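Heads up, the thing below is written out as structure tokens.
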Amino acid sequence: MTRRSYKKELGSIACKELGELGAGKPGWVVDNPNLLSAIDTHSILLANRSTILLLSWSDDSHQSPLRIRPELSPIDDEFISAVEWLVFDDVRVIVAGTSSGYLLIYSLRAELIHKQMIYPGRVLKLRVRGTKKDLIQDSSSEEFCLIMPGVIARFDGSVVQNMLQKWFEESHVQIWNQKQKGQDSEDFENSQVKLPFQLWNIGKYGTCADAAVTGIMPPPLMEQQSSQRYYCAVAVGDDAVISAYRLSEDKGRSLVGAILSKVVPATFSTIASFSKLIWRSEPSSPVKSPKKSEYKPQPFARASPLTCIKDHPRKGEKLTLSPSGTLAAITDSLGRILLLDTQALVVVRLWKGYRDASCLFMEMLVNKDIASSSSTYYEPMKSDYCLCLAIHAPRKGIIEIWQMRTGPRLRTIACAKGSKMLQPSYRFGASMSSPYVPLEVFLLNGDSGQISVLNRTLDS
């Protein structure tokens with residue numbers, strides 16, 4: 001009787017260049033807090049504080065690993081704090097965030113496409129996600145977010161895509177002109193305009209360890225109706241295990257705030273003028289204007305608190321969103337995993353005994369007739385899959401797959417020590433037509449360099 005295999009080996013990324021990142025020591029992938037990773041369908045990014053390596057495991061790829069060394073500030077002790085892929089229809093780029101709040105975008109030839117200061121602070125995570133118009137959502141949204149301690153910056157996906165398309169078109173023209181005139185390759189980079197983005201402060205209940213924009217939500221009551229969108233954001237942190245906010249697109253205040261903003265300054269101005277006539281106070285010293293070299297952060301848009309869960313000494317650690325954004329898996333410092341309904345803002349499920357765990361949502365093919373049928377070729381549709389949560393418990397050396405929301409545990413998979421679960425980011429412009437591409441979970445064995453993918457069928 002053959003032993004069932006619950007994962008499929010794809011290839012290996014073992015190479016001498018991994019020695020720069022600490023390879024060779026058991027558990028180097030998971031024990032180093034400064035080692036970052038992001039996976040695509042055939043490539044993986046691994047980064048430490050100063051270097052990004054792009055490696056491929058496909059058989060037809062014989063290229064040596066691509067190495068990127070960003071120009072970081074030695075004065076501020078700046079380092080790479082987050083990496084991710086941005087994948088469009090025909091464009092793939094590498095995105096990095098730094099400890100000083102910079103956003104860096106590179107081509108697959110290590111060319112710096114864009115550099116922009118977002119907000120002074122460490123970039124904790126880069127999130128790429130999108131929601132398509134369906135029966136639940138009345139509109140579609142594709143976005144790219146930077147998560148910082150107490151701050152969320154959101155870029156519209158179409159804005160980033162237009163910038164990249166323009167860069168690639170003009171870079172080809174520039175390369176042609178350089179061959180004829182010998183121009184400097186940095187001219188185009190320095191002439192780049194800044195990408196517009198929205199910035200929110202979500203630190204009302206303390207700095208956050210992780211956060212995400214979960215989707216579009218209806219406007220609040222008693223608000224002036226307009227065409228602007230409102231978003232829901234969920235954050236986890238040390239002071240508040242879970243907190244939620246309603247994010248407004250503009251920087252205006254609510255209806256009450258708008259009234260106060262008109263009445264209070266006028267009243268204060270009248271009182272101040274009257275007091276000057278009576279007391280004839282000395283003029284105050286002029287306020288020093290900031291230096292031109294000082295960076296002025298973009299003003300925050302309005303973020304209204306919705307709810308907050310505090311449970312000292314429990315601390316929220318990591319947050320994982322489902323594809324639709326309606327569910328979030330949250331790990332905490334006491335070894336528990338909370339399943340949050342992001343629309344009702346209610347915890348609907350709880351797992352205990354999972355210290356140092358990590359979670360990823362995936363889709364399993366539950367229709368056994370389709371999975372086992374070999375007489376006719378049939379391409380599974382989205383309705384043939386069920387949403388599941390993969391929980392990696394490194395202390396137990398296993399990966400458990402649970403059906404959402406209240407389903408049973410479907411599978412337990414043994415994994416080697418020093419392994420890490422990874423998942424490709426959302427692909428902008430992905431078609432909703434068949435064949436449907438389900439959400440997959442990859443597994444990196446750091447000690448051997450093997451890349452594998454968890455099988456989607458339950459009878460394999």
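Bear in mind that the values here come from a model prediction, so they are computed numbers and not experimental data.
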With side chains defined as the heavy atoms from C-beta onward, is the minimum distance between [X] and [Y] less than 4.5 Å?
X: Val87; Y: Tyr426; value: no
X: Tyr385; Y: Pro380; value: yes
X: Trp28; Y: Leu35; value: yes
X: Met148; Y: Ile118; value: yes
X: Leu54; Y: Ile94; value: yes
X: Val241; Y: Lys315; value: no
X: Leu46; Y: Leu18; value: yes
X: Leu103; Y: Phe155; value: yes

Please round to the nearest 0.5 Å and tell me the distance separating atom [atom1] of [X] and atom [atom2] of [Y].
X: Leu334; Y: Asp311; atom1: CG; atom2: CG; answer: 7.5 Å
X: Thr412; Y: Ile401; atom1: OG1; atom2: CD1; answer: 8.5 Å
X: Ile147; Y: Cys208; atom1: CD1; atom2: SG; answer: 7.0 Å
X: Ile398; Y: Tyr354; atom1: CD1; atom2: OH; answer: 6.5 Å
X: Leu327; Y: Leu387; atom1: CG; atom2: CG; answer: 6.5 Å
X: Ile68; Y: Ser50; atom1: CD1; atom2: OG; answer: 12.5 Å

Using modelled atom types only, decide if a donor and an acceptor are shared between the side chain of [X] and the backbone of [Y] within a distance under 3.5 Å.
X: Ser248; Y: Tyr230; result: no
X: Ser99; Y: Phe79; result: yes
X: Thr457; Y: Leu365; result: no
X: Gln343; Y: Gly325; result: no
X: Asp76; Y: Glu78; result: no
X: Ser243; Y: Ala240; result: no
X: Asp384; Y: Met381; result: yes
X: Glu363; Y: Pro438; result: no
X: Ser419; Y: Cys415; result: no
X: Asp40; Y: Ser43; result: no

Start with the C-alpha distance between Asp77 and Arg49, add both sets of side-chain angles, then the distance that settles salt bridge (charged side-chain N to carboxylate O under 4.0 Å, His left out), and finish with yes or no.
CA-CA 10 Å; Asp77 193 21; Arg49 293 172 64 93; 3.8 Å; yes
If you compare all heavy atoms of [X] against all heavy atoms of [Y], which two are closest, and at what distance to 0.1 Å?
X: Trp200; Y: Ala301; result: NE1-CB, 3.3 Å
X: Ala390; Y: Met421; result: O-CE, 3.5 Å
X: Ile80; Y: Thr51; result: CD1-N, 3.7 Å
X: Leu86; Y: Phe144; result: CD2-CD1, 4.2 Å
X: Val213; Y: Leu321; result: O-CD1, 3.7 Å
X: Thr326; Y: Arg405; result: O-NH2, 4.5 Å

So does [X] pair up with [Y], basic N to acidic O under 4.0 Å?
X: Arg336; Y: Glu317; value: no
X: Arg129; Y: Glu142; value: no
X: Lys25; Y: Asp447; value: no
X: Asp356; Y: Arg395; value: yes
X: Asp210; Y: Arg127; value: yes

Any luck finding a side-chain donor-acceptor pair between [X] and [Y] under 3.5 Å?
X: Ser358; Y: Lys318; value: no
X: Arg122; Y: Ser81; value: no
X: Ser158; Y: Asp156; value: yes
X: Ser100; Y: Thr98; value: no
X: Tyr231; Y: Glu143; value: no
X: Glu400; Y: Trp402; value: yes

Leu350, CG atom: more than 12 neighbouring heavy atoms under 6.0 Å:
yes
Stacked cation flag Lys204 on Tyr245, 6.0 angstrom / 45 deg:
no
Run the side chain to side chain contact (heavy atoms under 4.5 Å, CB included) check on Met163 and Ile113 step by step: do they pass?
CA-CA 9 Å; Met163 183 273 292; Ile113 298 176; 4.1 Å; yes
Leu10 vs Ser452, test: side chain to side chain contact (heavy atoms under 4.5 Å, CB included). Steps then yes/no.
CA-CA 5 Å; Leu10 300 178; Ser452 55; 5.5 Å; no
Positive for side-chain contact (heavy atoms from CB on, under 4.5 Å) with Ile52, one of Leu21, Leu104, Leu45
Leu45
Between Phe442 and the options Thr41, Val453, Ile44, the side-chain contact (heavy atoms from CB on, under 4.5 Å) test singles out Val453
Could you walk me through whether Val151 and Leu199 satisfy the side chain to side chain contact (heavy atoms under 4.5 Å, CB included) test, starting with their C-alpha distance in whole Å, then the side-chain angles of each, then the deciding distance to 0.1 Å, before giving a yes or no?
CA-CA 7 Å; Val151 175; Leu199 194 68; 3.5 Å; yes
Hits for ring-ring contact (aromatic ring centres under 6.0 Å, His included) against Phe88, two or more places apart or cross-chain, chain-then-number order -> Phe428
I'd like to know whether Glu440 forms a side-chain hydrogen bond (donor to acceptor under 3.5 Å, both in side chains) with Gln423, so could you lay out the CA-CA distance, the side-chain angles of the two residues, the decisive distance to 0.1 Å, and finally the verdict.
CA-CA 7 Å; Glu440 295 181 307; Gln423 191 168 68; over 6 Å; no
Passes salt bridge (charged side-chain N to carboxylate O under 4.0 Å, His left out), Glu249 versus Arg302? Steps please.
CA-CA 8 Å; Glu249 280 189 327; Arg302 181 158 50 97; over 6 Å; no
Take Leu338 and Ile242 through the side chain to side chain contact (heavy atoms under 4.5 Å, CB included) test and state the conclusion after the steps.
CA-CA 10 Å; Leu338 310 174; Ile242 303 173; 3.9 Å; yes
